[in-house]
> 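Handing you this structure, nothing more for now.
Letters A, B, ... are given to chains in the order of the sequence lines, protein chains preceding strands, and every chain is numbered from 1. What you see below is based on every heavy atom in this structure, not just the backbone, and it leaves out hydrogens, waters and symmetry mates.
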Amino acid sequence: MPELPEVETFAANLRSGVGDQPSICGHTITAGEVLWPRTLALPEITEFERRLPGQAIVDIRRRGKYLVLQLSQDYLLIHLRMSGDLLLKQDESEPDLHTRLVISFEDGLRLAFNDPRKFGRVWLVSDPETVLAKLGPEPLDEEFTPQMLYGMLHRHRRQLKPLLLDQSFIAGLGNIYTDEALHMACLHPLVNSNDIAHGQTERLWVSIRRVLQEAIQVNGASIDWVYRGGGYQNNFRVYDRAGEPCLVCGTAVERIVVGQRGTHFCPNCQPAPD
DNA sequence: ACGAGCGCCTGTCGGC
DNA sequence: TGCCGACAGGCGCTCG
């Protein structure tokens with residue numbers, strides 16, 4: 001579920017607080033508890049539980065789909081993958097069935113990492129680049145320009161959809177926002193990256209950024225039971241709309257499988273490559 | 001350098 | 001009602 005806009009929302013809420021939920025910045029960790037061992041990617045559980053206590057949360061950022069918690073000494077990185085969720089608890093409630101890892105703070109506050117499918121991962125590292133180095137550029141950064149995207153696209157010969165999903169190409173796009181951006185840019189998901197002209201690159205660049213910025217404005221997209229509080233599902237142009245009319249031209253939205261991922265597009269607005 | 005296929009996991013939904 | 005397969009926001013691995 002969580003792609004760039006949803007992770008950005010988690011980061012903002014933990015950094016600044018939301019509603020009656022306080023910021024966790026400045027709070028000191030008293031314990032880290034791992035309930036599902038595979039959730040912890042690095043380091044070993046014993047070292048994790050030894051190194052965490054005493055460290056304060058200094059800052060919270062996002063890089064791609066990773067949450068980056070800067071601590072006094074180390075960095076705590078969290079990737080929610082398909083079904084991860086973060087809950088800040090102020091009471092003494094028991095961890096629920098899907099709680100995989102819990103961080104406790106000095107004032108009784110606890111941060112619970114819930115993850116039904118157990119795909120999510122947590123790292124405690126001294127240098128975040130050991131985990132993040134492989135990521136491509138941030139699509140919303142100023143340094144990410146249409147000229148840069150053109151060069152990137154032409155350095156590969158790959159289908160657009162799997163290429164945009166590749167986190168070492170661009171960081172943060174997932175299945176929803178890739179389909180949405182391709183539709184907005186009028187580009188078929190199977191078009192070859194090498195065949196994208198300058199004008200099409202400009203459209204794709206604008207579309208990626210617009211889709212992400214508009215989703216961040218409404219706290220991301222809520223689908224099924226996994227992520228709540230977002231509003232972008234009301235703006236879906238093609239994602240999860242197979243058989244329904246394209247909002248631009250009325251043609252039925254199609255669903256195909258590309259790289260083992262469900263892929264939604266308008267066959268009229270996004271003409272197939274030769 | 002690609003794409004395809006699979007593994008990791010649990011929950012939900014539609015069809016029969 | 002119950003069972004069974006398809007499918008789900010991600011990503012790392014192997015194999016041609």
Side-chain angles (χ1 to χ4, degrees), chain A residues 1-11 35-42 62-67 77-86 95-101 113-123 130-136 152-182 189-195 208 211-212 215-216 218-243 255-264 273:
Chain A
M1 105 357 207
E3 305 180 27
L4 188 154
E6 292 79 25
V7 179
E8 181 69 34
T9 301
F10 276 115
L35 305 178
W36 180 258
R38 294 196 60 172
T39 296
L40 186 63
L42 280 174
R62 176 195 59 74
R63 171 77 173 104
K65 301 176 196 171
Y66 291 82
L67 271 169
L77 308 186
I78 302 173
H79 198 305
L80 301 165
R81 292 276 181 97
M82 290 284 263
S83 62
D85 193 11
L86 289 169
D96 81 42
L97 179 64
H98 301 307
T99 303
R100 310 301 179 197
L101 192 145
F113 176 50
N114 283 17
D115 185 19
R117 293 182 69 179
K118 303 176 176 172
F119 290 163
R121 292 291 180 267
V122 173
W123 297 256
T130 59
V131 179
L132 305 176
K134 297 181 295 185
L135 293 179
M152 289 161 58
L153 289 168
H154 285 255
R155 227 169 284 136
H156 296 271
R157 183 157 59 238
R158 291 181 65 181
Q159 299 169 338
L160 269 187
K161 166 94 186 229
L163 184 58
L164 293 176
L165 285 176
D166 185 338
Q167 300 300 296
S168 69
F169 184 76
I170 292 178
L173 287 175
N175 209 35
I176 293 177
Y177 298 105
T178 298
D179 282 1
E180 295 298 297
L182 285 174
L190 295 181
V191 165
N192 197 310
S193 63
N194 214 25
D195 295 335
I208 289 171
V211 162
L212 293 175
I216 290 171
V218 294
N219 299 324
S222 306
I223 306 184
D224 294 346
W225 77 103
V226 183
Y227 180 85
R228 284 164 230 83
Y232 199 72
Q233 68 280 2
N234 301 318
N235 297 33
F236 284 167
R237 306 161 65 92
V238 285
Y239 182 80
D240 206 22
R241 293 194 61 244
R255 179 187 182 278
I256 59 175
V257 175
V258 181
Q260 288 80 245
R261 310 301 300 276
T263 297
H264 314 76

> Which pair of heavy atoms, one from A221(A) and one from E6(A), lies closest together, and at what distance?
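Result for this residue pair: N-OE2, 2.8 Å.
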> For S193(A) and L153(A), work out which heavy atoms get closest and say how close.
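Smallest interatomic distance, heavy atoms only, reads OG-O, 3.1 Å.
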> How long is the gap from CG on D166(A) to CZ on R158(A), to the nearest 0.5 Å?
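Taking CG in D166(A) and CZ in R158(A), the distance rounds to 5.0 Å.
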> Quick one: pull up CG in L86(A) and CG in L80(A) and give me the separation to the nearest 0.5 Å.
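Rounded to the nearest 0.5 Å, the CG-CG separation comes out at 5.0 Å.
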> So, does K65(A) get its side chain near the phosphate of dC11(C), meaning an N or O under 4.0 Å from OP1 or OP2?
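For dC11(C), OP1/OP2 do have a side-chain N/O of K65(A) under 4.0 Å.
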> Does R157(A) make a side-chain donor-acceptor contact with the base of dA1(B), cut-off 3.5 Å?
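When only heavy-atom distances are counted, R157(A) does not reach the base of dA1(B) through any donor-acceptor pair under 3.5 Å.
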> How far, in whole Å, is dC9(B) from dC4(C) if one measures between their P atoms?
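So the two P atoms sit 23 Å from each other.
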> How close or far is atom C1' of dG11(B) from atom CG of N114(A), stated in whole angstroms?
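So the two atoms are 14 Å apart, to the nearest Å.
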> Side chain of R81(A) only, heavy atoms from C-beta on: which candidate in dC2(B), dG12(C), dC9(B) is closest?
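Given the options dC2(B), dG12(C), dC9(B), the side chain of R81(A) is closest to dG12(C).
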> Looking at the side chain of Y66(A), which of dA8(C), dG12(C), dG11(B) is the nearest nucleotide?
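Of all the options, the side chain of Y66(A) is nearest to dG12(C).
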> Does H98(A) make a side-chain N or O approach to OP1 or OP2 of dG11(B) shorter than 4.0 Å?
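It does, given that an N or O in the side chain of H98(A) lies less than 4.0 Å from OP1 or OP2 of dG11(B).
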> Taking salt bridge (Lys or Arg N to Asp or Glu O under 4.0 Å) as the definition, give me every residue that meets it alongside R117(A), ordered by chain and number, with sequence neighbours left out.
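In terms of salt bridge (Lys or Arg N to Asp or Glu O under 4.0 Å), with neighbours along the sequence ignored, R117(A) is linked to no residue.
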> What is the distance from NE2 of H154(A) to P of dC2(B), rounded to the nearest Å?
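Roughly 13 Å, once rounded to whole Å.
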> Side chains of Q159(A) and N192(A), heavy atoms from C-beta outward: is any pair under 4.5 Å?
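No - every pair of side-chain heavy atoms lies 4.5 Å or more apart.
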> Please determine whether a side-chain nitrogen or oxygen atom of K118(A) lies at a distance below 4.0 Å from atom OP1 or OP2 of dT10(B).
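Yes, K118(A) has a side-chain N/O under 4.0 Å of OP1/OP2 on dT10(B).
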> Please report, rounded to the nearest Å, how far the P atom of dA6(C) is from the CG atom of D240(A).
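In whole Å, dA6(C) P and D240(A) CG are 19 Å from each other.
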> Give the nucleotide from the list dC6(B), dG11(B), dC2(B) with an atom nearest to the side chain of Q260(A).
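Between dC6(B), dG11(B), dC2(B), the one nearest the side chain of Q260(A) would be dC6(B).
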> So, do F119(A) and dC8(B) meet the stacking rule of ring centres under 5.5 Å and planes under 30°?
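Stacked: ring centres under 5.5 Å, planes under 30°.
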> Between dG7(B) atom P and R117(A) atom CZ, what is the distance in whole Å?
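For the pair R117(A) CZ and dG7(B) P, the rounded distance is 15 Å.
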> Pick one: which of Y66(A), F113(A), Y227(A) meets ring-ring contact (aromatic ring centres under 6.0 Å, His included) with F10(A)?
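The ring-ring contact (aromatic ring centres under 6.0 Å, His included) with F10(A) is passed solely by Y227(A) among Y66(A), F113(A), Y227(A).
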> Does some side-chain heavy atom of H98(A) sit less than 4.5 Å from a side-chain heavy atom of D85(A)?
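Not touching, per the 4.5 Å side-chain cut-off.
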> By the 4.0 Å heavy-atom rule, please label R121(A) as base, sugar-phosphate, or nothing.
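Counting heavy atoms under 4.0 Å across all strands, no contact is made by R121(A).
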> Between N175(A) (CG) and dA8(C) (C1'), how many Å, whole number?
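Value for this atom pair: 9 Å.
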> Grab the two heavy atoms, one from K161(A) and one from T263(A), that are nearest each other, plus how far apart they are.
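Distance-wise, the nearest heavy atoms are NZ-OG1, 3.0 Å.
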> Does R261(A) make a side-chain N or O approach to OP1 or OP2 of dG10(C) shorter than 4.0 Å?
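Looking at the OP1 and OP2 atoms of dG10(C), one of them is under 4.0 Å from a side-chain N or O of R261(A).
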> Going from CZ on R241(A) to CZ on R255(A), what distance comes out if it is rounded to the nearest 0.5 angstrom?
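If I round to the nearest 0.5 Å, the distance is 15.0 Å.
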> Give a yes/no answer on whether the side chain of H79(A) brings an N or O atom under 4.0 Å of OP1 or OP2 in dG10(C).
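Answer no for this pair, as no side-chain N or O of H79(A) is under 4.0 Å from OP1 or OP2.
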> Mind checking D224(A) for me? I need base, sugar-phosphate or nothing, with any heavy atom below 4.0 Å counting as a touch.
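Base, at least one base atom sits under 4.0 Å.
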> Looking at every strand, decide which applies to Q167(A) at a 4.0 Å heavy-atom threshold: base, sugar-phosphate, or nothing.
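Contact class for Q167(A): sugar-phosphate only.
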> Let me have DNA chain C in dot-bracket notation, would you? Count Watson-Crick plus G-U wobble pairs, both distances under 3.5 Å, and use [ ] for pairs crossing earlier ones and | for inter-strand partners.
.|||||||.|||||||
> Less than 6.0 angstrom separating the ring centers of F169(A) and H156(A), yes or no?
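That pair passes the under 6.0 Å test.
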> Rounded to the Å, how far apart are F113(A) CZ and dC9(B) C1'?
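Rounded to the whole Å, the gap is 13 Å.
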> Round to the nearest Å and state the distance from Y239(A) atom OH to dC7(C) atom C1'.
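So the OH-C1' distance, Y239(A) to dC7(C), works out to 10 Å.
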> Using a 4.0 Å cut-off on heavy atoms, which residues in residues 228-236 of chain A reach DNA chain B? List them by number, or say none.
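Per residue number, the list is empty: none.
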> Separation of I256(A) atom CD1 from dA4(B) atom P, in whole Å?
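Atom-to-atom, I256(A) to dA4(B), this comes out as 11 Å.
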> Would you indicate, yes or no, if dA1(B) has its OP1 or OP2 atom less than 4.0 angstrom from a side-chain nitrogen or oxygen of R158(A)?
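No, no such contact exists.
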